[in-house]
Protein chains: 2
Amino acid sequence: MSSDLTEPGTGPSGAAPTLSEVAKRAGVSSITVSRVVRMPDLVAPETRARVERAMRDLGYVPNLVAGALASARTNSVGVLVPTIANSIFADTVQGLSDKLEPLGFSVILAQSRYDAVREDRVLAALLSRRPEAIIMVGSPATEEGSRLLRNARIPIVETWDLPANPIDAVAGFDNYQAGVAVAKHLVAQGRRQLAFIGGDDPRGTRRWFGFRDEALASGLSEPRRLILDRKDSGSVAAHARLPDVDAVFAANDAHAIGFMSGLRKAGLLRDGPASAQPVAVIGLGDLEMGQLISPTLSTISVHGDAIGRTAATLMLERGGERRIDLGFELVLRDSG
Amino acid sequence: MSSDLTEPGTGPSGAAPTLSEVAKRAGVSSITVSRVVRMPDLVAPETRARVERAMRDLGYVPNLVAGALASARTNSVGVLVPTIANSIFADTVQGLSDKLEPLGFSVILAQSRYDAVREDRVLAALLSRRPEAIIMVGSPATEEGSRLLRNARIPIVETWDLPANPIDAVAGFDNYQAGVAVAKHLVAQGRRQLAFIGGDDPRGTRRWFGFRDEALASGLSEPRRLILDRKDSGSVAAHARLPDVDAVFAANDAHAIGFMSGLRKAGLLRDGPASAQPVAVIGLGDLEMGQLISPTLSTISVHGDAIGRTAATLMLERGGERRIDLGFELVLRDSG
DNA sequence: TGGCGTGATGCTAGCGCTAACATAATGGCT
DNA sequence: AGCCATTATGTTAGCGCTAGCATCACGCCA
C-alpha cells in the first residue's frame, strides 16, 4: 500500500500527474482514462471505478491545454470590456459567465480601458488563445481590430450597441433612440434648456446625437454637451458650469447621481416629484442605487445581464437571427 | 503575386495558418518564425523582415495553446470572485488585470456566486487550464477546494481577508478589526443600541464578530444582527425591523445606502452632521456614491484595486513577505 | 456452425509549438 | 594559418491529450 502514501498531485518527477500515469496505475490505456473523464458512459463500470480510484489517488487534474490542442476545442470565450470596475458592464460579464460556466466554458476577460491601442493588443492576445467566440462591448475601435476579428472565423458578438455593419452578431439597444427618448420626455415636460454630460466614447456619443437631434427637431436651441473624464464623478459638472440649464441627460447613472449632488449643494434639488425640480436629471443604466437616493433617479433602464445572456446564446447558436435589440425603457421617478 | 491575393487568415485548408506555413513562405525553418515572435533580437534584421512580411501576408496569429503545451507556461492567471456584478471585487479584478496585462498574462475569470459546490467546480475547471497562479477572494469554502489548490503547486493568493492559515499568499485586511473599529467609534459617539446588517459570508461574519465583541466589551448589550439576502438592497432592513436601534453597521456600502433610504422614509435621516442623526449608519467599501448622497456616508474605506495589484505582485514574486495587510480606514462623514 | 452486430478497449498519429542541443558562417586574435 | 568566441539558423524530440480507426470477446441468430 506504499503507493497510497504518494503525495497526491505529485508524479514521479514532482510534476502534475498525466493521463498515462493514471492509465498505468489503473492498468488501462490512456485513451480509456480520457474516456472516463469525457464520456464515462462508454467505459464499463468496473473499469471506470478502477480509473476513478487511480485519478483520486494521484490527484489527477486533466490538462485542458493539451486537450484543447488535440481536439481543436478550447471551451473558452474571450470577453472584452472597456472597464470592469464600477461599471454596468460587470452585469453583462456576470450574465454571460453564468450562462456559459455550466456548459464548461471559461471566460477570458480583458479590458481595453477605452484605449484603441490597448484594445488591439488585448484582442490579439485573446485570439492567440483560440477562444471559440469573442464577446465584446461595442465594436472594434480600429480597422485593424476589425480585420483581426473577421479573420478569426469564430462567432463575434458586439454588445451594448446596434452597429450598422456588425462583424457577426449583435446584442444591444439603440443608443441614439435612447437619447431621442430622453429629449422627447424633457421637451414634453416643458424643459427648454437641455444639456448632456458624459464621456465621448462611441455609445455615449450616439446618445448625445439622438438627444441633440431631437432637441433641435423640437425647436429648442442646441443643447450643451459637457464631456467628462472617466475619473470624474459627475459632480464636477456642477450647475455653475451649466448655468440656465433646466434639464440634464447624463450618459450614465453615476454621472447623474454626481450631478445631482452638485445640484444639491447649489440648492437646486427638491425632495418632491419631477415637476418640482428646478433642474431635471435623467440617467442611463438603472443602477439600483438610483432608487435608493432622494429624489429617486429617473433613468433609461437597460438590462446588462440580459445583454450578457443573449450574447452567450448568440455565440452558441450560429444560425438564426444575429441582431437582437434588447431595447431600453425610460423609467420615470422623481429626478426628472 | 498571386499569393498576395490569398485571403488573410486562411491557410490551404481554410484553417488558421501555422508557424510552419509562415516558415515555408518566408523560406526559413519554423523555429526562426517562433523566434521572430518571441525573441526578435535573436534574428537577423533581413530575415526578420521577411518573416514579418510572411506573417502579415498570411494573417498569422500565434497559437498560444500549442505554445503553452510545449513550453509549460500558459501565461494565464485564474481569478475567482464570489460575484463580479455590482461588487467591489470588480475593482480588484481591474487592478490585477491592469497590472498583469502588460506582462502578457490573461485573466481567466470565474464566479462562485457564494456557492461552495460551484466554487469547487470552477476551481477544478480553472486548474485544468493550468494557470500560473490563482487569485481568489477569500479562502476555499471546502476542504476539497483547499486540497485542490495546495496540490496545484502554483502561487495561490487569497484576498480581502487575512486567513490564519493561508494556503500561500494573502493580500487583504482584518475584517474583524474593521468591525471593532466601527463599534468603538459608535460607542464613543454615545450610541447604545447597535445593529449589524449584511450577508453571512465569511468576511461579513468576521466583521460581525469584531463588531459584536467590541460592543459587548464596552458594556453594551449584544447588537442585533440582520442577515440580508444578496438580492436585498438593504432597504428591506427598514427601521421597522430594528426598533430602538440608534446605530447600524452595514457590511457593505450598498446595504448602508439602502438602509438609509429606509430611514429616510421613516423620517429618521437628517441632512446635518453625524451628531444630528437619530440613527448612525456606517458602511464598508467606500463606494464613490457614498460621497454623493446626502447625508454623506461614513464608511470603512478599503482599496479594492490595491488589493488586486498587490495580489498580482504576490503571484509574480514568489519570495518575500507572503502576507500583506492593506489595512482599512474609518472615514467619517455625515451619516454616523 | 459460421457470420455478424455490439460493447469495451487499444493503437497510432498528430495537434502547433518550443527547449535543448546541433551546425554553419563570420571575423578577430595570436 | 589556425583557433575560437559570437551570431544566425536548423534539427530533433517531445509537451499531454484526442480523433479515427483497429481489435477483440461475446452472444445471438439463421
Side-chain angles (χ1 to χ4, degrees), chain A residues 9 11-52 54-55 58-76 104 127-132, chain B residues 9 11-51 54-55 58-76 104 127-130 132:
Chain A
S13 53
T18 67
L19 255 197
S20 63
E21 291 178 70
V22 174
K24 194 179 303 169
R25 182 177 243 263
V28 297
S29 74
S30 45
I31 189 69
T32 299
V33 180
S34 177
R35 287 194 184 109
V36 169
V37 172
R38 297 178 304 134
M39 320 113 109
D41 295 348
L42 295 186
V43 180
E46 315 83 62
T47 314
R48 186 158 78 220
R50 212 148 26 94
V51 170
E52 280 165 348
M55 293 199 295
L58 294 175
Y60 175 67
V61 177
N63 184 331
L64 248 57
V65 177
L69 181 61
S71 69
R73 301 205 70 230
T74 56
N75 281 289
S76 66
L127 290 173
S128 68
R129 298 195 182 265
R130 297 291 189 269
E132 298 187 18
Chain B
S13 52
T18 68
L19 255 199
S20 63
E21 291 178 72
V22 175
K24 195 179 303 169
R25 181 177 246 261
V28 297
S29 73
S30 44
I31 190 69
T32 298
V33 179
S34 176
R35 286 194 185 108
V36 169
V37 172
R38 297 177 305 134
M39 319 115 110
D41 294 349
L42 296 187
V43 180
E46 315 83 63
T47 314
R48 185 158 79 221
R50 212 147 26 94
V51 170
M55 294 198 294
L58 294 174
Y60 174 68
V61 177
N63 184 333
L64 250 55
V65 177
L69 181 61
S71 69
R73 299 205 71 230
T74 56
N75 280 290
S76 66
L127 290 173
S128 69
R129 296 194 184 267
R130 297 291 188 269
E132 297 187 19

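In what follows, every chain begins at residue 1, and chains take the letters A, B, ... in the order their sequences are listed.
Distance, Arg48(A) CZ to dG7(C) P: 15 Å, rounded to whole Å. Protein atom CZ of Arg129(B) is 14 Å distant from nucleotide atom P of dC17(D), rounded to whole Å. The separation between Asn63(B) atom CG and dC17(D) atom C1' is 14 Å, rounded to whole Å. The CD-P distance, from Glu46(A) to dG7(C), rounds to 15 Å in whole Å. Whole-Å rounding puts the Arg130(B) CZ to dC15(D) P distance at 14 Å. A straight line from CZ of Arg38(B) to P of dC17(C) spans 11 Å, rounded to a whole angstrom. Here the C1' atom of nucleotide dT9(C) and the CZ atom of Arg50(A) are 11 Å apart, to the nearest Å. For the pair Ile31(B) CD1 and dA20(C) P, the interatomic distance rounds to 11 Å; values are reported in whole Å.
In this structure, Ser29(A) reaches the dG10(C) phosphate: one of its side-chain N or O atoms is under 4.0 Å from OP1 or OP2. Note on Thr32(A): every side-chain N or O is 4.0 Å or more away from OP1 and OP2 of dA8(C). In this structure, Tyr60(A) does not reach the dG16(D) phosphate: none of its side-chain N or O atoms is under 4.0 Å from OP1 or OP2. For dT18(C), one of the phosphate oxygens OP1 or OP2 lies less than 4.0 angstrom from a side-chain nitrogen or oxygen of Ser34(B).
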Let me check something: any side-chain donor-acceptor pairs from residues 44-51 of chain A under 3.5 Å, sequence neighbours excluded? List them with distances.
residue, atom, partner, partner atom, Å
Arg48(A), NH1, Pro40(A), O, 2.7
Arg48(A), NH1, Val43(A), O, 3.3
Arg50(A), NH1, Ala26(A), O, 2.6

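Scanning both residues, Ser30(A) and Ser20(A), for their nearest heavy atoms gives CB-CA, 4.1 Å. Across all non-hydrogen atoms, the minimal contact from Tyr60(B) to Thr18(B) is CE1-C, 3.6 Å.
Using a 4.5 Å cut-off on side-chain heavy atoms (C-beta onward), Lys24(B) and Glu21(B) make no contact.
Rounded to the nearest 0.5 Å, atoms CG (Leu58(A)) and CZ (Arg25(A)) are 5.0 Å apart. Between the CG atom in Leu64(A) and the CG atom in Leu69(B) there is a gap of 11.5 Å [rounded to 0.5 Å].
Residues from residues 66-75 of chain A placing a heavy atom under 4.0 Å of any atom in DNA chain C, listed by number, are Leu69(A), Ala70(A).
Using a 4.0 Å heavy-atom distance criterion, Val65(B) is classed as making no nucleic acid contact. Using a 4.0 Å heavy-atom criterion, one finds that Thr47(A) contacts the sugar-phosphate atoms exclusively.
By the side-chain contact (heavy atoms from CB on, under 4.5 Å) test, Thr74(B) is found to be paired with Val65(A), Ala68(B), Ser76(B), Arg130(B), Glu132(B), residues two or more places apart in sequence or in another chain being considered.
Listed candidates were dT9(C), dC21(C), dC17(D). Nearest to the side chain of Arg35(B) is dC21(C).
In terms of position on DNA chain D, the residue among Ser20(A) and Gly27(B) whose nearest nucleotide sits closer to the 5' end is Gly27(B).
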